[in-house]
Structures are given as C-alpha cells and as structure tokens.
Amino acid sequence: WIPNKKLLYAIFHFFEKKAVRRFKIFLAEKSYEPRYQNMNADYSVVLNYCDTGFFQPFSQSVNRHTNRIFYIGILLESRGIQQISEALHILKQKGVEVHFDVVGELYSSLSTKLKALPFWNEVSAQIHFHGRLPLERGYEISRNAAIGMCIIQPMSNSVGSYPTKPFEYMSIGLPQIISHFPLYKSVVEAHQCGLCVDPSSPQQIATAIETILNNQKLADSMAGNGLQNAHLYDWASQSEITLKEYEKLLLQHETKPAGP
C-alpha cells in the first residue's frame, strides 16, 4: 500500500517527461508506444523475442507421444499453476491421468496455496517440481513433453506484451496451450501451433489438453508449424535494431561539438 499514489504519480510523471528528452528510450513492447509518443520521446521498440538457435537442438530426439505437459519459468500465481492443477483434476475424474513437469523455483506462498486446494492430494503425485535449473537442463525435460503451457493470468503488463514462452515452444516443436489474449493469439492461432484458452477456466484448459493428447495428427501439425515459423520471432532481428540504434548514438556523440 502506497499513500498519496496520485501525488507520487504526478511527481514521477513530471520528472519522467524531463528525463526522456535527454535519453534514448528502448521499449520491450508496443503497448507503451502511445505514452512515449505523447512525450515526444526518442524511442525504439525492441521486442522480447528469443534466440531460436539456442532452443532448436531441443526439437531433436524428442518423444511427443506422452501424457506429459511442461512449463519452465517463474512460478507465481499469475502463471496459472493453480488453474492447470485443477485442469489435471478435471481430467483425472474422467480417467485421464496427465503429468505436469514444472521447472522453476516454487516460492513458499504459492506452495501453501497449492496445498490448500481441495483436490490437491488427488493430483499432487502428477505434478513434478524440478526446481530452478539452468536453461539447458530445464529444456532437456521438455524432450518428453507433449504440450507446453503458458497460462498467464490477465494483467495490464502481460496482456500487451509478449512472453518468450510461445517462441521457445515453437523453436522446439512443442504444441502449446496459451492464454487467449489478442496479442498471443496473433502468434499462436496465426501459425496454428497451439490452442488459446481462457486462463481463468480450468475446464477450457482441461479440454485443450485432452484435444491435443487425443489427436496426434493435430499435435504433429502444431509442432511442425511452430518449427517452420519460429524464425519469424528470432532475437537476431531485434538485435539488429538495437545495434543500429547504438551506432546512431555513438555517431551523435562523436559529431557533437566539444564544450568550451
């Protein structure tokens, strides 16, 4: 809780408007553009893409014909772990047992909330927390996954920005289930490399998991589509933008008249 938030915001905005005139601004998402346009800022958008070349080896020697789903990353309530857990419970009640490999540090606050779920004892043996691992070791686990999960809950800073997960999953040929935000759908539905669901609906998540697991032809098509289009979201394109902007800044510095 912050007292006098309006006053604090006004002070911050005042100094921000002055500061942006003296700095080059790099934005990691397009949703901030209107704000900085209104301040006449000198900015460039550098999107949060991934190094697809790093991930592509994990598309080889894989077994996608399993009952395992996969997530790697930060573990917060906003990453939909509770909703996925409930989806597993829904499937188990139908006689479908799905195992969930989770790579990332499980904080005590989320662990407590998971254990408080009324169905937790029925699904806990199906959820495998591997802890925080180096990225290479984490993605080794993905070789035996059928689906990659990215169930981010709706927040202002997530709805308008790309997570790296869809691009990583595309790069390794892993069909994905992702939140149905328009920005995410513009990638996943456009390239038909996964399914988009309401992240607050365990039922929709369960249905999507079952749909992919029960349709190997669909799953293989999603995997192939992801691999085929991953290059469109490679960091190299954004690195080029960044380097060009740095070169401009260096040139401006070199040509700036020396002071008295």
Side-chain angles (χ1 to χ4, degrees), residues 50-75 79-92 94 96-106 114 123-152 163-179 184 187-188 191-197 199 202 204-230 233:
C50 71
D51 179 2
T52 58
F54 171 88
F55 293 97
Q56 283 174 351
F58 299 102
S59 68
Q60 302 161 10
S61 302
V62 301
N63 178 15
R64 298 287 182 234
H65 302 173
T66 70
N67 66 336
R68 307 189 79 88
I69 62 177
F70 174 79
Y71 171 79
I72 183 171
I74 190 169
L75 296 182
R79 280 352 185 222
I81 306 301
Q82 291 159 282
Q83 289 79 8
I84 297 171
S85 299
E86 187 170 351
L88 298 189
H89 182 247
I90 292 170
L91 291 171
K92 190 166 189 176
K94 297 175 63 177
V96 180
E97 184 170 303
V98 177
H99 287 257
F100 184 21
D101 287 302
V102 186
V103 180
E105 183 176 351
L106 178 61
L114 288 172
V123 299
S124 60
Q126 298 165 229
I127 304 176
H128 311 278
F129 291 103
H130 298 275
R132 181 184 292 179
L133 296 174
L135 199 57
E136 297 91 339
R137 287 181 58 195
Y139 267 95
E140 282 292 336
I141 295 169
S142 76
R143 292 186 191 273
N144 291 310
I147 305 170
M149 307 300 293
C150 185
I151 307 298
I152 297 177
T164 58
K165 291 293 157 283
F167 313 133
E168 294 173 10
Y169 295 156
M170 290 171 72
S171 298
I172 65 172
L174 185 62
Q176 58 188 282
I177 298 174
I178 192 169
S179 302
Y184 300 6
V187 174
V188 174
H191 300 304
Q192 298 181 20
C193 57
L195 298 177
C196 299
V197 299
Q204 282 196 26
I205 298 167
T207 300
I209 292 171
E210 192 171 23
T211 297
I212 295 175
L213 293 184
N214 287 345
N215 191 333
Q216 198 57 56
K217 185 177 179 181
L218 174 65
D220 290 345
S221 175
M222 289 176 173
N225 291 339
L227 284 170
Q228 184 178 355
N229 292 286
Y233 305 97

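Just so it is clear, the model here is predicted, and its values are computed rather than measured.
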### Residue among Tyr169, Tyr184, Tyr233, Phe167 satisfying ring pair (Phe, Tyr, Trp, His ring centres under 6.0 Å) with His191
Tyr233
Are side-chain heavy atoms of [X] and [Y] found at a separation under 4.5 Å?
| X | Y | result |
| --- | --- | --- |
| His130 | Val102 | no |
| Glu105 | Leu75 | no |
| Ile141 | Ile72 | no |
| Met170 | Gln176 | yes |
| Tyr71 | Ile151 | no |
| Ile127 | Leu114 | no |
| Val103 | Tyr139 | no |

Of all heavy-atom pairs between [X] and [Y], which one has the smallest distance, and what is that distance?
| X | Y | answer |
| --- | --- | --- |
| Leu91 | Ala206 | CD2-O, 3.6 Å |
| Cys150 | Pro163 | SG-CG, 4.0 Å |
| Pro166 | Val188 | CB-CG2, 4.4 Å |
| His99 | Glu97 | NE2-OE2, 3.0 Å |

Nearest 0.5 Å, please: how far is [atom2] in [Y] from [atom1] in [X]?
| X | Y | atom1 | atom2 | answer |
| --- | --- | --- | --- | --- |
| Leu227 | Ser171 | CG | OG | 8.0 Å |
| Asn214 | Ile209 | CG | CD1 | 11.5 Å |
| Ile205 | Ile147 | CD1 | CD1 | 11.5 Å |
| Arg68 | Arg143 | CZ | CZ | 15.5 Å |
| Ser221 | Gln216 | OG | CD | 11.5 Å |
| Leu195 | Met222 | CG | CE | 3.5 Å |

### Query
Ignoring hydrogens and geometry, is there a side-chain-to-backbone donor-acceptor pair from Thr164 to Cys50 under 3.5 Å?
no
### Message
Check whether Asn229 reaches the backbone of Asn225 with its side chain - one donor and one acceptor, N or O, closer than 3.5 Å.
### Response
yes
Donor-acceptor list for residues 52-61 side chains, cut-off 3.5 Å, not counting sequence neighbours:
from: Thr52; atom 1: OG1; to: Asp234; atom 2: OD1; distance (Å): 2.4
from: Ser59; atom 1: OG; to: Gln56; atom 2: O; distance (Å): 2.5

### Task
Carefully, step by step, assess Ile172 and Ser142 under the rule side chain to side chain contact (heavy atoms under 4.5 Å, CB included).
CA-CA 9 Å; Ile172 65 172; Ser142 76; 3.6 Å; yes
### Message
Check this for me: does any side-chain nitrogen of one of Glu168 and Lys165 sit under 4.0 Å from a carboxylate oxygen of the other?
### Response
yes
### Task
Take Ile84 and Ile69 through the test side chain to side chain contact (heavy atoms under 4.5 Å, CB included) and record every step on the way to the result.
CA-CA 10 Å; Ile84 297 171; Ile69 62 177; 3.9 Å; yes
### Task
Please test Ile81 against Phe100 for side chain to side chain contact (heavy atoms under 4.5 Å, CB included), starting from the C-alpha separation and ending with a verdict.
CA-CA 10 Å; Ile81 306 301; Phe100 184 21; 4.3 Å; yes
